[in-house]
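Note on naming: letters A, B, ... go to the chains in the order of the sequence lines (proteins, then strands), and numbering restarts at 1 for each one. All values reported here derive from a predicted model rather than from experimental measurement.
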2 protein chains.
Amino acid sequence: MISQTEENYLKALYNLTYLKGEASVNEISKRLEIKMPTVNSMMKKLSEKGFVHYESYKPLKLTEEGKKEAALIIRKHRLTEMYLVEKMGFAWDEVHQIAEQIEHIHSPEFFTKMDQLLGYPTVDPHGSPIPDHNGVMRSESYIFLDTCKTGDAVTLMAVQPSSKELLQYLSAKDLELGTTLTILSIEPFDNSITVNYGNRISEVLSSKVTATLLVRPIS
Amino acid sequence: MISQTEENYLKALYNLTYLKGEASVNEISKRLEIKMPTVNSMMKKLSEKGFVHYESYKPLKLTEEGKKEAALIIRKHRLTEMYLVEKMGFAWDEVHQIAEQIEHIHSPEFFTKMDQLLGYPTVDPHGSPIPDHNGVMRSESYIFLDTCKTGDAVTLMAVQPSSKELLQYLSAKDLELGTTLTILSIEPFDNSITVNYGNRISEVLSSKVTATLLVRPIS
DNA sequence: CTAACAAGTTAGATTAAACTAACAAAATAT
DNA sequence: ATATTTTGTTAGTTTAATCTAACTTGTTAG
Ligand SMILES: [Mn+2]
Ligand SMILES: [Mn+2]
Ligand SMILES: [Mn+2]
Ligand SMILES: [Mn+2]
């Protein structure tokens, strides 16, 4: 049996290792706001259980089993977020904290039902992919808006990372997933960009914002 | 802050004291399948926190605050069961275990939303009343089917206690809440009764079953 | 290259929630 | 009225999950 606490560590490690393939005790400690010695012992425990490759002073990695476990928890998290938005009418900035709790519910039937009712969605309300029931996550090929050039036309596909404040900011600006933006200019001094979308003729987005927006160029 | 574990003790105590007003360490121990010394220390802790009146060797009672806390957890449990049946399509015998977990979610918005979407229901799928948001539970005036006489016509209002097996048995016999039954005869030997309802001309219900069915006589 | 700093580890303490063993009180049966 | 059984309590142990303090290893800046 795997505890709620252990699940949160696995998920943190999965998310931290998603890009580089490895993470440090220190990073998990900061992410979960738990002191390093506690993280250290938990990593040893998860290593005993076969979920983590642990060696003193070496970076941490998930085992294949650990990756699958973590992905299945993330699946429950993202299905829940989607359900809360699509079926219960919550806004995209209200669902993360609730999903953080519901992801730990033990009931395959409950999540299977959600999946069905939603029509087997592949992304959550923030555009992040939902792993399948085997824990396999489709990899995205989107690019960050701050890597685009003047004149590019792109579609907003995902927001990452998606803090509550950022999501509220985007809503206030009528920026939602699927919105098509055209880059009118890029300010070299601070890398802020001016864009055009919907009936917004000229909106300025700071680099702090554009660094979180994943887009697909219009082919 | 009140832990998930403490919530389960409060709920058990609430349900056990619902009729008599008091309960014993032994009863909670059996109900939760937790040994008596553990229950004993927990009762002292809950007494420290102001939820339980504890005195050595005396029966246990909830304080007013304890009653309210417990009723609010039961509210979350029953709202959840109703939501699972009405909005997600679960059967009435599939929802208790899921609700047993979801009742511990901390999110007023989540349960308020459920309540709204359900149209402010007053009973759960098994006919038990849902406490209001102040923890006040409407008291029922139903009677058990095994107290009725030959010739009585009654409407099935609730099933209590509602084990999974009993609920499945009732479904198989097409007995659901709202069904109107007429008592054709009562067998004095074992108190089984023969009833008529819907297009079932003559069904026999054992006293084990009739002792769980709460009904309202047709006026 | 070494001194200083950052990151990782070990050791030991704390709290919550469970247990068993042993004893005490209350209830029940003879 | 006493003996037996059931119920309740106390004491002490265990495991999970956290912490702080102190020490070790690794990294980085002069
Ligand atoms: Mn989320
Ligand atoms: Mn979580
Ligand atoms: Mn229930
Ligand atoms: Mn519960």
What's the CE-C1' distance between B:Met1 and C:dA16, to the nearest Å?
15 Å
Can you sort out which residues in residues 12-27 of chain B have a heavy atom within less than 4.0 Å of DNA chain C? Ascending by number, please.
none
Looking at every strand, decide which applies to B:Ser41 at a 4.0 Å heavy-atom threshold: base, sugar-phosphate, or nothing.
nothing
Looking at B:Tyr9, I'd like to know whether one of its side-chain N or O atoms comes within less than 4.0 Å of OP1 or OP2 on C:dA18.
yes
Calculate the interatomic distance between B:Met42 atom CE and C:dA16 atom P; express it in whole Å.
9 Å
Send over the distance from A:Leu32 CG to D:dA17 P, rounded to a whole Å.
13 Å
Using the 3.5 Å cut-off, write out each protein N or O paired with an N or O of nucleotides 20-26 of chain D and the distance between them.
residue: D:dT25; atom: O4'; partner: A:Tyr57; partner atom: OH; Å: 3.4

Write down the distance between CD1 (B:Ile34) and P (C:dA18), rounded to a whole number of angstrom.
4 Å
Evaluate A:Glu103 against A:Arg75 for salt bridge (Lys or Arg N to Asp or Glu O under 4.0 Å), listing each step before the verdict.
CA-CA 8 Å; A:Glu103 69 191 359; A:Arg75 171 177 168 77; over 6 Å; no
Interatomic distance where CD belongs to B:Gln4 and P belongs to D:dA16 [whole Å]:
18 Å
Write down the distance between NZ (B:Lys58) and C1' (D:dT7), rounded to a whole number of angstrom.
16 Å
In whole Å, I'd like the distance from the CD atom of A:Glu7 to the P atom of D:dA17.
11 Å
Quick check: on DNA chain D, is the nucleotide nearest A:Ser3 upstream (toward 5') of the one nearest B:Asn40, or the reverse? Name the residue that is more 5'.
B:Asn40
Does a side-chain N-to-carboxylate-O contact under 4.0 Å join A:Arg216 and A:Glu140?
no
Distance check needed: C:dG8 P versus A:Glu55 CD, whole Å only.
14 Å
